[in-house]
Amino acid sequence: MAMPRALHVAATLVGALALAACGPAVLDEPPPGDDMHFDLPVLDSQAWVERYLPERASSGYNLELYQRRIPILLDMNGHIVHAWPLVRTTARARLDRRGRLLVMGIDNALKIYDWDGRLVWRYRLASQADIPHHDVIWLANGNVMVLGQVEATRDDYLQEVDRTGRVVWEWRFSEHLDAAFPQRDRRHPDPTHVNSVHELGPNRWWDAGDSRFRPGNLLLSARTLDAILVVDRRTGEIVWTWSEGLDRQHEAIMVPRGRLGEGLFLVFNNGLANRFAFRRSSVEAVDPVARSVVWKYSDPNFYSSLAGSQISLANGNLLITSSHGGRAFELTPGKEIVWQWIPPWQPMRLERYSYDHCPQLERLGRPDEQPVAARRRRPYIDEELHFFAVSGEYWSRPVAGERRQLVRDPMSCRQLAMPAQPVLAVGYGIDVKAPGAAEVEANFEIAVTRLDTGERRVLVDERVRGSDAQPWRQTWIPLPGLDFRRVELCLSLATPSGNGSSPKRPAAVIENPRVWAANRPQPPRQWTEEKLGEQEQRLREEQLRAIGYIQ
């Protein structure tokens, strides 16, 4: 008789802990510096599936990172069927045909684990000052390709590494920038910001004699350049580029042979800089030979300023992860959502694997696929459409004991889309560690206006002094009657006594106001990081800076 899924996850956790207690299986690895793996057996993960039409979906197992750290496999109804509870990773995890998991560790090492969580391979970039970031892939020849960055200059490079840890191929973007992108912004501190690497497989363009798309060549997404490009593995030259309409895009991939749209390049176009539409993302299919967009998905409720991905599925559907939107969803070619998953964290780039992808998944078998009727009476609205500031509109700084996103322009307004049962979360006050903070006095006002009626509500109207017993205020404010409305949220900050002696670190600040849906699922508990050392904290900050979360 098959083991119930909840018991299976618990047994996986117990087994992994037993392995750790018995000593290293292959390589030494310290235990994780947090306790978040104890969440796994008690998660109500089925509630995160908001919609599922089995007859229309390309069903399989979904690989995701719980709380953006622990690799887990979920079926289409949200049951966690397998986990690697003691593994901690960032940005990307990939499962091969043998059931081995390739990850980028939070300690900046590349690692391969077997199905049972035993570490079987580890590789570090030669320079301790370099950072692996964003992406790592299995190559067709069995080697690993990693995207690295020189921390001091933010220059991106690629390394192909074999199983002995030997670098067998390397490519540095800086050696090709001038020739391929002569009009680029040479003052930008992050000149390329590559965020995905994809190996081209067999394809119709190569079959037709176009050597630019030779299998084994690499398709990259360079966010700062607003471009996707192909690198010839034999010569190292950039042989194809595309920038038309791109705006801080992510995840350039080719549709594999045998699938609808085979040979097309898919890209998640974020729309961060708002050059083409305010807070509007899209997924686009590009014909690389005709140089045209042949299919595009966009929606007023779809937006992720950073990250995001899409995968071509066996039946022609796309699996889209709107990372900063807070969801993943499966979309038909006719643009109907047939599966939607909304976890209590910002999801990473989901991978979907067939039920027979590897022997271990084949042994799990095809689960009972139960349809889930849409649980919402209105469409889901991506989270960043009701956040005041997105990337580039805030800076990150510790205030009142926590790192916070502080609005760069605290005298501004934004148009937002409200979710169901909206609640505004905002912090404001005096940063007591800023120069001259004790003498600062500031008036804070936050107001919201319904765009359809012009009704205006003042949500915050308060004077705060640096000498107050509690100079930092944190509040949650319900917004009744604004469900699914378009509003304008305005901030006002006045400092009659001056805002501190350092313009680079003003004392009076407002944390990024965020509107949350009151019925959004929440994690069962807050995990701790008390055991994290200074080195791991530093490595985490380096990774966040490399992927654009800290500026």
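Computed from a prediction, not measured in an experiment: that's the story for all the values here.
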Pairing of [X] and [Y] as salt bridge, 4.0 angstrom limit:
| X | Y | value |
| --- | --- | --- |
| Arg349 | Glu351 | no |
| Glu393 | Arg414 | yes |
| Arg279 | Glu384 | no |
| Arg352 | Glu330 | yes |
| Asp34 | Arg88 | yes |
| Arg403 | Glu511 | no |

Keeping the roles fixed (side chain from [X], backbone from [Y]), state whether a donor-acceptor pair exists under 3.5 Å.
| X | Y | result |
| --- | --- | --- |
| Ser323 | Pro347 | yes |
| Arg68 | Gln346 | yes |
| Ser221 | Val194 | no |
| Ser281 | Ser304 | yes |
| His198 | Ala252 | no |
| Asp75 | Glu369 | no |
| His188 | Asp190 | yes |
| Asp39 | His37 | no |
| Asp156 | Thr192 | no |
| Ser292 | Val294 | no |

Does the side chain of [Y] come within less than 4.5 Å of [X]'s, by heavy atoms?
| X | Y | result |
| --- | --- | --- |
| Leu318 | Val283 | yes |
| Val426 | Trp476 | no |
| Pro422 | Trp516 | no |
| Trp295 | Lys335 | yes |
| Val448 | Leu424 | no |
| Ile320 | Ser309 | no |
| Ser492 | Met411 | yes |
| Val407 | Phe388 | yes |

Are a donor atom and an acceptor atom from the side chains of [X] and [Y] found within less than 3.5 Å of each other?
| X | Y | answer |
| --- | --- | --- |
| Glu402 | Trp472 | no |
| Arg327 | Gln340 | yes |
| Glu383 | His324 | no |

Worksheet entry | Cation-pi geometry met for Arg514 and Phe387 (6.0 Å, 45°) | yes
Worksheet item: Cation-pi between Arg378 and Phe484: NZ/CZ under 6.0 Å from ring centre and within 45° of the ring axis?
Response: yes
Aromatic contact, [X] with [Y] (centres under 6.0 Å):
| X | Y | result |
| --- | --- | --- |
| Phe329 | Tyr52 | no |
| His193 | His134 | yes |
| Trp205 | Trp240 | no |

Worksheet item: Which heavy atom of Ala91 sits nearest a heavy atom of Met348, and at what distance?
Response: CA-CE, 3.2 Å
Worksheet item: Of the non-hydrogen atoms in Leu350 and Thr321, which two are nearest, and what is the gap between them?
Response: N-OG1, 3.2 Å
Item to complete: Could you point out which residue of His250, Gln249, Arg280 forms a side chain to side chain donor-acceptor pair (under 3.5 Å) with Asn270?
Response: His250
Response to the item:
Result for side chain to side chain donor-acceptor pair (under 3.5 Å) between Tyr428 and one of Arg473, Glu445, Glu462 points to Glu462
Report the relative orientation of the aromatic rings in [X] and [Y]; use parallel for angles under 30°, tilted for 30 to 60°, perpendicular for over 60°.
| X | Y | value |
| --- | --- | --- |
| His82 | Trp84 | perpendicular |
| His357 | Tyr353 | tilted |
| Phe302 | Tyr297 | tilted |

Practice prompt. List the steps and the verdict of side chain to side chain contact (heavy atoms under 4.5 Å, CB included) for Ile228 and Leu220.
Written response: CA-CA 6 Å; Ile228 61 176; Leu220 310 181; over 6 Å; no
Practice prompt. Any pair with a residue in residues 262-277 that passes salt bridge (Lys or Arg N to Asp or Glu O under 4.0 Å), sequence neighbours left out, goes on the list, sorted by first then second residue, please.
Written response: Asp226-Arg275, Asp247-Arg275
Discussion item. Within a 6.0 Å radius of atom CD on Gln474, are there more than 12 heavy atoms belonging to other residues, nucleotides or ligands?
Written reply: yes
Worksheet item: More than 12 foreign heavy atoms under 6.0 Å from NZ of Lys296: is that the case here?
Response: no
Worksheet item: Are Asn77 and Gln46 close enough, and set up right, to give a side chain to side chain donor-acceptor pair (under 3.5 Å), and what steps lead you there?
Response: CA-CA 6 Å; Asn77 284 109; Gln46 300 163 57; over 6 Å; no
Fill in: Intermediate values then yes/no, side chain to side chain contact (heavy atoms under 4.5 Å, CB included), Ile70 and Leu40
CA-CA 9 Å; Ile70 299 178; Leu40 297 179; 4.2 Å; yes
